[in-house]
Amino acid sequence: MNPSQLISNLNDKLAQTLALVASAQELQALYDAKVAFAGKQGFLSDIMREMGKLPKEDKPGFGKEVNRAKVAFEEAYVAREEELKNAALMDKVKKDAVDVSLPGPAMAAGAKHPIYLVMDEVVGILSRLGYTVRTGPQIEKDWYNFEALNIPPDHPSRDMQDTFYIDDDHVLRTHTSPIQIHTLLTEKPPFRALAPGSVFRKDSDISHSPNFHQIEGLLVDKHVSMADLKGTIAFVLKELFGSAVKVRFRPSFFPFTEPSAEFDCSCPICSAKGCRLCKQTGWIEIGGSGLVNPRVFEAVKIDPKQWQGFAFGFGIERMAMIKYGIDDIRLFAENDLRFLGQFNL
Ligand code: PHE
């Protein structure tokens with residue numbers, strides 16, 4: 001073959017290859033074109049072998065042509081490779097793109113436990129009367145839970161049947177009243193203290209749970225009467241259940257109060273006509289109360305001639321049952337989200 005034929009072959013092949021490169025839609029097609037044109041056994045290698053057969057004076061000119069073709073191919077190849085890579089990247093970006101207008105996965109909103117909703121509400125009501133919150137340990141020394149509260153050794157609440165004992169001297173507190181003792185020991189009267197908390201007794205049926213909640217109240221001042229106590233409790237219950245509820249006090253006995261009274265509120269569910277929740281009586285028992293027994297003051301070295309007080313304990317489960325019309329106390333501790341999710345009002 002003479003040089004001009006070879007050059008025209010070269011140009012034809014280059015043109016074809018450039019067309020292939022320009023139209024390549026995938027990187028693989030581009031690599032194939034490269035192998036065919038510039039690979040070890042490709043077109044350029046073949047044509048270089050042909051160059052060996054040319055007369056000496058034609059070689060440099062032809063060599064230049066081959067180089068020019070090689071450079072032209074390289075440039076076109078690199079440019080197209082870049083385009084394809086960019087296009088692939090754009091594709092991937094598009095495919096992976098997040099559509100920020102789509103609704104996100106729903107986040108389950110937590111709800112406050114109904115016991116804590118009622119606790120918070122009662123704390124809110126009593127804080128308007130000047131009460132502030134105190135806390136105490138759930139594992140109590142015998143002295144705080146019983147002894148200082150004038151609960152004698154033979155009192156039934158001290159029985160193994162009724163109380164969870166940790167050891168001879170420690171119990172799971174059976175009521176929030178030991179917080180009265182902690183407060184009386186650490187603070188100077190007058191004060192108004194409020195103590196919500198979890199308490200424990202060996203009790204379990206449709207209206208008793210071994211772990212339940214109380215709110216303790218303790219007011220200590222110079223002149224304190226049963227009338228003050230009744231007014232305070234009536235205020236809380238009317239704020240909580242509506243002004244139509246009636247409050248009733250029944251004489252009772254607690255070793256740490258004297259006189260003592262239990263209090264009931266008229267059933268707001270049936271307007272005191274009688275229903276399952278109030279066991280057809282029209283009344284629901286809410287808690288215990290009374291004037292602080294002087295023997296409690298003596299136990300904490302406060303002079304009972306100088307100071308008087310009243311105390312009360314609300315059962316929170318009871319209040320929540322009334323407020324939300326729940327007739328089985330065990331629901332509060334079952335952790336059934338279908339139940340618990342209903343109170344996020
Ligand atoms: N601690 C008593 C109980 O758990 C309730 C109570 C509290 C009574 C305060 C009087 C005064 O039954």
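Residues take their numbers from the sequence shown, with the count starting at 1. Both ligands and their constituent atoms are indexed starting at 1 by order of listing.
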Taking the cut-offs as 6.0 angstrom to the six-membered ring centre and 45 degrees off its axis, would you call Lys34 and Phe73 a cation-pi pair? no
For Lys59, is the NZ atom crowded, meaning more than 12 foreign heavy atoms sit under 6.0 Å from it? yes
Can you confirm whether more than 12 heavy atoms, excluding those of Ile139, are under 6.0 Å from its CD1 atom? no
Donor-acceptor side-chain pairing of Arg250 and Ser252 below 3.5 angstrom: no
Set of residues that line ligand 1, where lining means a heavy atom lies under 4.0 Å from it: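 Heavy-atom contacts below 4.0 Å: His175, Ser177, Gln180, Arg201, Gln214, Glu216, Phe254, Phe256, Thr257, Gly288, Ser289, Ala311, Phe312, Gly313.
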I need the minimum non-hydrogen distance between Val224 and Gln308, along with the two atoms involved. N-OE1, 2.8 Å
How are the rings of Phe314 and Phe263 set to each other: parallel, tilted or perpendicular (split at 30° and 60°)? perpendicular
